[in-house]
Amino acid sequence: MAKIDEQTLVEHLSEFRKRLIITIIFFIAAFLVSLLFCSDIYKLLTASFKQKLTVLGPNDILSIYLMLAGICAFSLTLPFTSYQLWAFIRPALKEKEAKAILSYVPATFILFITGLSFGFFIVTPALLNVLLSFGNDLFNIQLTANNYLTFVLHTSLPLAVIFELPVIVAFLTSLHILTPQYLIKNRRYGYFILLVVAVVLTPADFISDLTMAAPLILLYEVSISVCKYVYKRRRDD
C-alpha cells in the first residue's frame with residue numbers, strides 16, 4: 001500500500017513539474033513577443049505627457065523594456081497558469097465542479113486587467129498630481145521615464161492582484177475551504193485590511209483614500225455574493 005501511495009505521489013510531482021515547465025516556457029515566449037511591442041506600449045503609457053520623458057542612460061532604456069515586457073508577459077501568462085492549475089487538480093474534481101472552476105480562467109485575466117486599468121487610469125494620475133503638488137514650490141522636479149514607470153507599476157500592480165479577490169474566493173469556496181458565513185462574520189476585519197491598503201497606496205488626504213477604499217470595499221461585497229452563489233450551487237449539486 002505504501003509503495004502504491006509513493007508511486008501516486010511521484011506521478012503527481014511529475015505532473016506538477018511538467019505543467020510548471022510548460023508555464024515557464026509560455027512566459028518566456030510571451031516575454032519575447034512583448035519585447036517587440038515595448039515601444040508601442042511605452043507610447044501608450046506615456047501618452048498623457050506632452051513631452052518626452054528623460055532617461056539617464058542606456059541602462060534605463062534596457063530596464064524600461066524589461067519592465068514592460070515582464071508586466072505584459074505576466075498578464076498574458078496568468079490565464080494560462082490558471083488553466084494549468086485547473087488541469088492539475090482536475091482528476092480530483094467532479095464533472096460539474098471541474099466545469100465551474102474552468103470558468104474562473106478567463107475571469108482571472110479580466111479582473112487582472114480591470115485592476116491594472118483602474119490603477120493606471122484613476123489611482124495613478126490622482127496620486128501623481130497630489131505628490132507633485134507637494135513639492136512643486138520646493139523642488140525642481142524632473143520626472144524620468146524609469147521613475148514614472150516604476151511609480152505606475154507600484155500603484156497599479158497591487159490593485160490588479162487585489163482585484164483577483166472574487167476569483168480566489170470562488171475557487172476556495174468550490175474546494176470547500178471558504179463559506180459565505182465566514183466572510184460575513186469577518187467583514188469588519190476585511191474592511192479594515194482594505195482600508196489599510198487604501199491608505200498605504202494613496203497620499204494622506206481624505207479624497208484619495210476614499211477614491212481607493214470605496215472600490216475595494218465594493219470588491220469585498222462582490223466576493224461575498226460570489227461566495228454565496230458558488231456555495232449554493234455546490235450544495236444543490
Side-chain angles (χ1 to χ4, degrees), residues 16-85 105-106 108-136 138-165 167-168 197-198 200-203 208 211-212:
F16 179 79
R17 177 176 174 272
K18 182 184 74 173
R19 297 196 177 279
L20 179 61
I21 292 174
I22 292 174
T23 302
I24 293 174
I25 292 174
F26 185 93
F27 175 83
I28 293 173
F31 181 84
L32 294 176
V33 172
S34 298
L35 279 175
L36 301 176
F37 299 95
C38 275
S39 59
D40 297 322
I41 298 170
Y42 175 79
K43 290 176 183 178
L44 176 64
L45 294 178
T46 59
S48 59
F49 291 94
K50 297 180 181 180
Q51 59 184 20
K52 293 182 179 180
L53 293 174
T54 305
V55 293
L56 301 179
N59 288 337
D60 274 5
I61 298 175
L62 177 61
S63 65
I64 288 170
Y65 270 67
L66 293 178
M67 183 191 307
L68 294 178
I71 295 172
C72 290
F74 181 81
S75 302
L76 293 172
T77 306
L78 185 61
F80 184 80
T81 304
S82 301
Y83 174 79
Q84 293 300 321
L85 178 61
V105 173
T108 58
F109 179 74
I110 293 172
L111 289 175
F112 187 84
I113 296 301
T114 302
L116 274 181
S117 300
F118 176 73
F120 178 72
F121 291 108
I122 298 178
V123 176
T124 298
L127 184 55
L128 187 63
N129 288 334
V130 170
L131 292 177
L132 291 179
S133 67
F134 285 164
N136 195 32
L138 300 174
F139 310 104
N140 180 22
I141 301 174
Q142 294 182 343
L143 192 62
T144 69
N146 201 20
N147 291 150
Y148 172 70
L149 292 177
T150 301
F151 180 79
V152 170
L153 176 64
H154 288 169
T155 54
S156 299
L157 193 57
L159 284 172
V161 174
I162 292 172
F163 267 62
E164 295 292 335
L165 183 60
V167 174
I168 296 172
V197 171
V200 169
L201 293 180
T202 55
S208 298
T211 302
M212 173 70 82

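Below, all heavy atoms of this structure are taken into account, side chains as well, without hydrogens, waters or symmetry copies.
- No donor-acceptor pair under 3.5 Å is formed between the side chain of Tyr42 and the backbone N or O of Leu68.
- Here the closest heavy-atom approach between residue Gly70 and residue Phe27 is recorded as O-CE1, 4.2 Å.
- Here the shortest heavy-atom pairing between Leu53 and Thr144 reads CB-C, 4.3 Å.
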### Message
Would Asn147 and Phe151 count as a side chain to side chain contact (heavy atoms under 4.5 Å, CB included) here? Give the steps.
### Response
CA-CA 6 Å; Asn147 291 150; Phe151 180 79; over 6 Å; no

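- A donor-acceptor pair is defined here as one N or O able to donate and one able to accept, closer than 3.5 Å; such a pair exists between the side chain of Glu164 and the backbone of Phe112.
- Within a 6.0 Å sphere centred on OH of Tyr83, other residues, nucleotides and ligands contribute 12 heavy atoms or fewer.
- Ile21 is listed as a side-chain neighbour of Ile25, based on a closest heavy-atom distance under 4.5 Å.
- In terms of modelled atom types and a separation under 3.5 Å, the side chain of Thr155 and the main chain of Thr124 share no donor-acceptor contact.
- Of all the heavy atoms in Ala145 and Ile64, the pair that sits closest is CB-CD1, 3.6 Å.
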#### Entry: Candidate pair Phe26 and Thr77, rule side chain to side chain contact (heavy atoms under 4.5 Å, CB included), full reasoning
CA-CA 7 Å; Phe26 185 93; Thr77 306; 3.7 Å; yes

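- Ala73 and Ser34 get closest at one heavy-atom pair: N-OG, 3.9 Å.
- Interatomic distance, NZ of Lys43 versus CZ of Phe37, reported as 13.0 Å (0.5 Å rounding).
- The two residues Ile41 and Cys72 come nearest to each other via the heavy atoms CD1-SG, 3.2 Å.
- Going from atom CG of Leu116 over to atom OG of Ser75 covers 5.0 Å, rounded to the nearest 0.5 Å.
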